[in-house]
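Keep in mind that what you see is a predicted model, and the values were worked out from it rather than measured.
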Amino acid sequence: MSTPATHPSVTPVFIRLKLAIIRNGLRQSTGRTIGWIVGVVFAMLYGLAMGVGMIALRHSEYGPAAAVGLAVVLIIGWAVMPLFLFGGDDTLDPTRLAMLPLRPRPLISALLISSLLGVGPVFTVIVTAGAVSALAGNAVSIVVAIVAVALVLLLCVALSRAVAAANTRLLTSRKGRDLALLSGLFVAVGAQLVNLGASSLASSDGLDRVKSLASVLRWLPPAPAIDAVRAATGGSYGLAVLELLYVAAVLALVIRWWHHSLYRLMVTPDASTLQAAEKEAGTGGGRLAALLPGGRTGTVMERQFRYAWRDPRSKAAWATALAVGLLLPIVAAVQHGSIYSACWAAGLLGMQMYNQFGVDGSAFWTVASTISTRADAHAELRARALALSTVAVPYVTIVTIGAALLLGRPDAVPETLGLSLALLGALIAAGAFASVRFPYALPQDNPFGSSAPGQGGLAAISLFGGGLTGAACCLPLVGLTIYLHVADHHAYLWILLPIGALYAVTLAAASLRFTAPRLLNRLPEILTAVAKG
């Protein structure tokens with residue numbers, strides 16, 4: 001009687017492969033090895049400090065809330081980590097295994113176990129162990145704590161792998177590279193939110209709010225596993241078992257999702273790019289063109305909008321301006337700051353008018369070939385300014401009104417909005433001239449670079465010099481605002497809104513008229529400057 005063939009486990013192979021990848025990566029250079037060692041040491045010290053800090057809360061009434069919050073922060077960090085580290089960690093890309101004779105189910109086991117090797121899992125174990133140590137109080141709770149640490153670790157690693165598998169095709173596409181460019185923005189915004197949270201905790205009732213929030217967060221996996229230790233310490237063994245089973249069920253669902261993503265990646269052909277292209281060709285362009293003016297103005301505006309959506313550098317610049325322009329007024333509102341912080345939205349968006357032709361790069365010759373008269377040059381500049389204003393004006397208006405409402409200063413909307421519009425118009429005016437007078441190339445091989453080698457001086461003159469010039473153009477309106485406040489003419493502050501709007505339009509229109517003939521005369525110089533990237 002023949003016995004069925006047995007297939008050896010691939011898990012030991014993947015463990016050796018993971019160790020080999022780490023070892024070979026460290027052999028590339030001494031600097032890389034030193035950097036890795038320093039990073040590991042700092043990560044371990046930070047993890048130990050957090051673990052000790054949690055243990056110090058063992059007899060505090062805020063210990064359970066802190067432990068639950070820490071579990072939620074850990075799972076969020078593991079979930080978003082693949083979105084930022086995907087391009088630098090080849091082990092996160094399961095498509096590299098698509099040509100091997102591997103089934104998804106044993107592949108999941110091998111990847112899950114091999115993923116437990118690394119600094120991240122060790123850090124997670126240290127922090128989680130500190131969290132459960134703050135809650136354990138008897139023998140049963142210690143057993144529950146051991147199970148909880150294992151569940152938290154497995155859920156974090158499995159979720160990270162599932163997210164990577166589900167987004168592999170996105171992260172290996174152009175959109176994935178866009179996401180990498182925007183990662184710095186996410187970190188900056190997240191840092192500000194953490195700063196706000198820390199400021200809130202510093203208040204007298206901050207920790208009480210944390211306890212209220214923890215009552216909700218303790219039902220978000222893997223927090224129930226941590227809370228099960230508290231329940232076991234209090235003698236609620238049934239609740240502890242239910243919470244552990246709940247987290248185990250979520251872990252099973254995550255693994256099921258991971259299995260589905262792996263099966264799709266290894267079996268289903270990738271036709272997403274073709275489908276997206278066909279969809280865009282069939283509907284996207286027509287809808288956008290129908291909303292824009294006719295003639296050259298609409299064509300140029302459509303091109304600018306497509307640059308802002310498709311070009312990674314332009315998308316990152318726009319996203320940064322929109323996000324930070326909204327974040328700063330919110331921070332000011334939370335900290336009871338000045339209503340004039342809303343002007344940041346106008347300032348950051350107005351800076352998008354600078355170096356208009358550098359984004360075009362060597363393709364600017366196609367634009368230059370259509371500019372043969374002063375009217376063509378004026379139409380080109382005017383359409384670019386209109387594209388920016390179409391987004392900036394309503395956005396600045398919404399941010400200003402929102403900041404005024406958050407600060408309880410609806411009466412300050414006219415003056416603040418007037419100043420914001422004046423600043424926007426002044427920056428558009430100065431940016432148009434700076435784009436023509438001081439053009440510079442953007443590096444095509446480095447999406448993070450702000451200027452091509454040797455053109456840093458031109459970039460500084462264009463951005464800082466032009467920005468200061470634009471801000472200086474608003475001094476008359478700033479002087480009028482100060483005078484109305486000092487002279488106690490608050491009833492007349494509303495006039496700053498129409499004056500600011502008229503001032504912005506007049507200044508921008510005058511600058512475009514003045515700059516148009518210079519654009520026509522400097523086309524060869526601009527072509528040479530922007531093509532050096």
Side-chain angles (χ1 to χ4, degrees), residues 11-28 32-58 66-86 88-93 108-136 142-165 221-223 225-226 228-229 244 247-248 250-251 254-255 258:
T11 301
V13 177
F14 274 80
I15 293 176
R16 293 195 299 269
L17 179 62
K18 181 64 177 289
L19 294 175
I21 290 175
I22 296 175
R23 182 176 61 253
N24 293 336
L26 296 178
R27 288 178 176 175
Q28 292 182 4
R32 186 185 181 97
T33 303
I34 295 175
W36 185 83
I37 294 174
V38 172
V40 169
V41 171
F42 274 102
M44 293 300 101
L45 290 177
Y46 185 70
L48 288 173
M50 292 188 66
V52 172
M54 291 302 304
I55 296 175
L57 294 175
R58 180 175 177 80
V68 166
L70 184 60
V72 174
V73 171
L74 279 176
I75 198 69
I76 292 175
W78 276 94
V80 303
M81 183 175 61
L83 304 180
F84 299 134
L85 302 181
F86 192 92
D89 188 355
D90 292 337
T91 65
L92 292 175
D93 187 359
I108 285 179
S109 301
L111 287 175
L112 181 60
I113 295 176
S114 62
S115 298
L116 298 178
L117 303 175
V119 180
V122 176
F123 175 87
T124 302
V125 169
I126 294 174
V127 174
T128 308
V132 297
S133 298
L135 304 179
I142 293 176
V143 176
V144 173
I146 295 174
V147 177
V149 172
L151 283 176
V152 170
L153 177 62
L154 291 175
L155 181 57
C156 287
V157 175
L159 180 62
S160 177
R161 286 289 178 175
V163 170
I226 303 295
V229 182
L244 292 178
V247 177
V250 173
L251 174 60
V254 170
I255 293 177
W258 185 10

In Å, rounded to the nearest 0.5 Å, how long is the span from [atom1] of [X] to [atom2] of [Y]?
X	Y	atom1	atom2	result
Leu48	Phe123	CG	CZ	9.5 Å
Leu70	Met54	CG	CE	5.5 Å
Ile75	Leu155	CD1	CG	4.0 Å

Notebook entry, point to check: Any side-chain hydrogen bond (donor to acceptor under 3.5 Å, both in side chains) pairs touching residues 143-157, not counting sequence neighbours?
Noted result: none

Listed partners of [X] passing side chain to side chain contact (heavy atoms under 4.5 Å, CB included), at least two apart:
X	result
Val147	Leu151, Leu244
Ala158	Leu112, Leu251, Val254, Ile255
Ile55	Ser133
Arg58	none

Measure across [X] and [Y] and return the closest heavy-atom pair with its distance rounded to 0.1 Å.
X	Y	value
Ala225	Val247	N-CG2, 3.5 Å
Ser115	Pro121	O-CG, 3.3 Å
Ser114	Leu111	OG-O, 3.1 Å
Ala71	Ala223	CB-CA, 4.0 Å

Return all side-chain donor-acceptor pairs below 3.5 angstrom for residues 124-131, not counting sequence neighbours, or 'none' if the list is empty.
residue, atom, partner, partner atom, Å
Thr124, OG1, Trp78, NE1, 2.9
Thr124, OG1, Gly120, O, 2.9
Thr128, OG1, Thr124, O, 2.6

